[in-house]
Number of protein chains: 2
Amino acid sequence: MRVAIVDDDPLVRMGLRAIVSSEDGWDVVGEAGDGAAAVALAAQERPDVMLMDIRMPGVDGLSATREIVASGSATRVLVLTTFEVDEYVFEAMRAGASGFVLKRVPPAELIESVRVVASGESLLFPASTRAVIERFATRGAERLPELSEREEDVLRALARGRSNGEIAAELFVSVETVKSHVASILMKLGVRDRTQAVIVAYESGFVLPGETSERR
Amino acid sequence: MRVAIVDDDPLVRMGLRAIVSSEDGWDVVGEAGDGAAAVALAAQERPDVMLMDIRMPGVDGLSATREIVASGSATRVLVLTTFEVDEYVFEAMRAGASGFVLKRVPPAELIESVRVVASGESLLFPASTRAVIERFATRGAERLPELSEREEDVLRALARGRSNGEIAAELFVSVETVKSHVASILMKLGVRDRTQAVIVAYESGFVLPGETSERR
DNA sequence: GTTCCCCTCCCCCGCACGGGGGAAGGTGGC
DNA sequence: GCCACCTTCCCCCGTGCGGGGGAGGGGAAC
C-alpha cells in the first residue's frame with residue numbers, strides 16, 4: 001500500500017506518517033504542504049491513497065482533489081477534516097473524493113479507512129453520512145401535494161425537459177390533454193410555470209439527480 | 001438498548017435475535033414478519049432501533065419505514081439487505097432510514113451499527129456509500145461547459161424559477177441583457193429552453209437539491 | 001495596435017406556453 | 001341517483017420566451 005500525505009501542518013503530517021508507516025507493507029511515498037504540490041505528487045508517485053487536508057494555503061484540498069480525479073489518476077483521495085460536521089462534505093463528494101473522515105479517529109480506524117477506499121469502496125464518517133442522508137430525506141419540508149397518476153407521468157416528463165408536444169407523443173394523447181395536466185400540476189404545486197414545477201420536483205425528491213438521464 | 005426485529009423469515013429473525021440479545025443490557029422488544037406489523041410494533045414498544053428487512057409480503061419495509069419516520073417516532077430504522085449493491089438504498093434514504101447495512105456482516109459490526117444509529121448518527125455500508133458518492137460526483141459525464149460569471153448568476157436565478165423580468169430586476173440590468181445571457185447559456189449547454197437548462201444545472205451538480213430553497 | 005470575449009442594450013418575429021372558458025365518458029363514494 | 005375526481009379533448013387569447021439580427025464599451029491577451 002502506497003500512501004501520500006497532504007497537510008499544511010508538518011506536525012499533522014508526522015502524526016499521519018507514524019500511523020501509516022506502522023502498518024506492515026505500507027509506505028508513505030510522499031508528503032505535500034499545499035494543493036499544488038499534492039497534484040504534482042499524485043502525478044509523480046501515483047500513490048494508492050492520498051490523505052488530503054482541505055484547508056491549506058494556496059490551492060486548497062478540494063481543488064487539488066478535483067484535479068487529481070479529473071486527470072484520470074487511479075489514486076483514491078481520502079479527505080481528512082478536523083470538525084465533525086463539515087460543510088465541505090458535499091463539495092468533497094462532488095470533487096470526487098472517495099471518503100471523508102476525521103483526523104482524530106483512532107489509528108486503527110484510519111488504517112481501516114485507507115484500506116476501504118484503496119479497495120475501491122467509499123466511506124463517510126457517521127456524522128457526514130447523517131448529513132448526506134438528511135439531504136436525501138429532506139425530512140419535514142418535502143411531500144408534494146397529491147398528484148394523480150397521470151399528472152405524475154406528466155411531471156416526470158417535464159423533469160426530463162419535454163415540451164407539451166413531445167409529452168403528448170410519449171403518452172399517446174393530444175397536446176390539449178397535456179396542457180390541461182400541466183395546468184393542474186402548476187395549480188397543485190402552486191407554481192407559475194413548468195420550470196418551477198421541475199424545480200419543485202427536484203427539491204421534493206420526486207426526481208433525483210442521476211436517476212433521469214443515466215438510467216436506460 | 002431496546003431493539004425490534006422485522007423480517008419475514010423466522011430463521012433470520014432468530015439469528016438477529018441471538019446477535020442482539022448476546023449484548024449486555026440489550027433487549028429484543030418485539031418481532032414482526034411484515035410491514036404492517038412493524039408499524040404497529042414501533043408504535044407500541046417504541047424501540048430505540050428497529051432492524052428492518054426490505055422485501056416482505058404485504059407492506060414492504062420501505063413503506064413501513066416511511067410511516068414510522070413520518071409518525072414522528074424516535075425509533076431509528078436500520079435497513080438490512082441481502083445484496084451489496086441494492087437499488088433500494090436511495091429509496092431507503094428518502095424513506096428516512098438511519099442506515100443501510102448487510103445482513104451478513106459479522107455480529108460485532110452489526111452491534112456497532114445499531115449503536116451508531118441509536119446515537120442519532122447514520123451509517124451506510126461501504127458499497128452503498130460508494131453509490132451515493134458517485135451519484136453526487138456524477139463522475140465522468142458532468143462538468144458544465146465554461147460559463148462566464150454573469151451566465152452563472154443567470155443560471156442560478158433560472159434554477160430558482162425566476163422569469164427574465166425578475167432576473168433583470170435582481171441583477172440590475174435590462175430584460176434584453178438577461179435574454180442574451182439566457183441565449184448564451186442555452187447555446188453553451190446545448191439545450192432548448194430554460195427548463196432544460198435547470199435540469200442540466202441539477203444533473204451536473206451546479207445546484208443541489210436543498211441548497212437553493214432552505215439556505216437564507 | 002489588433003483581436004478576442006464579456007457585458008450591456010436594442011430591434012423584429014413566431015410560437016410554445018399558460019390562463020380562461022368548457023364538455024365528454026369512466027370510476028368510485030355517499 | 002348524485003357528486004367528485006380523473007382523464008380526455010376542444011376553443012380563444014395574450015404574452016413570455018427563444019431565435020435572428022445587431023451595436024457599443026471595457027478588459028485581457030498577444
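Keep in mind it's a predicted model, so treat the numbers as computed, not measured. Every chain is numbered from 1, with letters handed out A, B, ... down the list of sequences.
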If I take atom CZ in residue B:Arg192 and atom C1' in nucleotide C:dC17, what distance separates them, rounded to the nearest angstrom? 12 Å
Axis bend over the full length of the helix from C:dG1-D:dC30 to C:dC30-D:dG1, computed from five pairs that close each end, to 10 degrees: 50°
The side-chain hydrogen bond (donor to acceptor under 3.5 Å, both in side chains) partners of B:Arg104 (sequence neighbours excluded) come to none
Give me, pair by pair, the N or O atoms of the protein and of nucleotides 23-30 of chain C that are less than 3.5 Å apart, along with how far apart they are.
none

Check the distance between D:dG18's C1' and A:Asp193's CG and give it to me in whole angstrom. 14 Å
Can you check the B:Ile185 CD1 to D:dG19 C1' distance for me, whole Å? 16 Å
In whole angstrom, what separates B:Leu186's CG from D:dG20's C1'? 14 Å
For a quick test of reading the model: is some side-chain N or O of A:Asn164 closer than 4.0 Å to OP1 or OP2 of C:dC17? yes
In chain order, what residues pass the side-chain hydrogen bond (donor to acceptor under 3.5 Å, both in side chains) check against B:Asp8, with sequence neighbours excluded? none
Rounded interatomic separation in angstrom, taking CZ from B:Arg194 and P from D:dG19: 11 Å
Under the side chain to side chain contact (heavy atoms under 4.5 Å, CB included) test, which residues partner B:Val12, sequence neighbours left out? B:Asp7, B:Asp9, B:Leu16, B:Lys103
Rounded to whole Å, how long is the line connecting atom CZ of A:Arg162 with atom P of C:dA16? 17 Å
With sequence neighbours excluded, residues passing side chain to side chain contact (heavy atoms under 4.5 Å, CB included) with B:Ser163: A:Arg192, B:Glu166
Report the distance from atom CD of A:Glu152 to atom P of D:dC6, rounded to the nearest whole Å. 12 Å
Please enumerate all residues that pass side-chain hydrogen bond (donor to acceptor under 3.5 Å, both in side chains) together with B:Ser71, with sequence neighbours excluded. none
Set of residues satisfying side chain to side chain contact (heavy atoms under 4.5 Å, CB included) with respect to B:Ser174, sequence neighbours excluded: B:Glu176, B:Thr177
Residue pairs, two or more places apart or on separate chains, that pass salt bridge (Lys or Arg N to Asp or Glu O under 4.0 Å) and touch residues 32-43 of chain A: none
Provide a list of protein-nucleic acid N or O atom pairs under 3.5 angstrom, restricted to nucleotides 5-10 of chain C.
unit_1: C:dC7; atom_1: OP1; unit_2: B:Arg150; atom_2: N; d: 2.9
unit_1: C:dC7; atom_1: OP2; unit_2: B:Ser148; atom_2: OG; d: 2.3
unit_1: C:dT8; atom_1: OP1; unit_2: B:Arg150; atom_2: NE; d: 3.3
unit_1: C:dT8; atom_1: OP1; unit_2: B:Arg150; atom_2: NH2; d: 3.1
unit_1: C:dT8; atom_1: OP2; unit_2: B:Arg150; atom_2: NE; d: 3.0
unit_1: C:dT8; atom_1: OP2; unit_2: B:His181; atom_2: NE2; d: 3.0
unit_1: C:dC9; atom_1: OP2; unit_2: B:Ser174; atom_2: N; d: 2.5
unit_1: C:dC9; atom_1: OP2; unit_2: B:Ser174; atom_2: OG; d: 3.3
unit_1: C:dC9; atom_1: OP2; unit_2: B:Thr177; atom_2: OG1; d: 2.7
unit_1: C:dC9; atom_1: O5'; unit_2: B:Ser174; atom_2: OG; d: 3.3
unit_1: C:dC9; atom_1: O5'; unit_2: B:Thr177; atom_2: OG1; d: 3.4
unit_1: C:dC10; atom_1: OP2; unit_2: B:Glu176; atom_2: OE1; d: 3.3

When the side chains of residues 38-50 of chain A are checked against the rest of the protein, which donor-acceptor pairs come out under 3.5 Å, sequence neighbours left out?
unit_1: A:Glu45; atom_1: OE1; unit_2: A:Arg2; atom_2: NH2; d: 3.1
unit_1: A:Asp48; atom_1: OD2; unit_2: A:Arg2; atom_2: N; d: 2.8

Stepwise side chain to side chain donor-acceptor pair (under 3.5 Å) check, B:Ser98 with B:Ser122: CA-CA 5 Å; B:Ser98 291; B:Ser122 302; 4.7 Å; no
Mark yes or no for whether B:Asp27, through its side chain, and B:Val29, through its backbone, hold a donor-acceptor pair below 3.5 Å. no
Taken in chain and number order and not counting sequence neighbours, the residues that satisfy salt bridge (Lys or Arg N to Asp or Glu O under 4.0 Å) with B:Glu151 are B:Lys188
Which sits closer to the 5' end of DNA chain D, A:Ser184 or A:Lys179, going by the nucleotide each is nearest to? A:Ser184
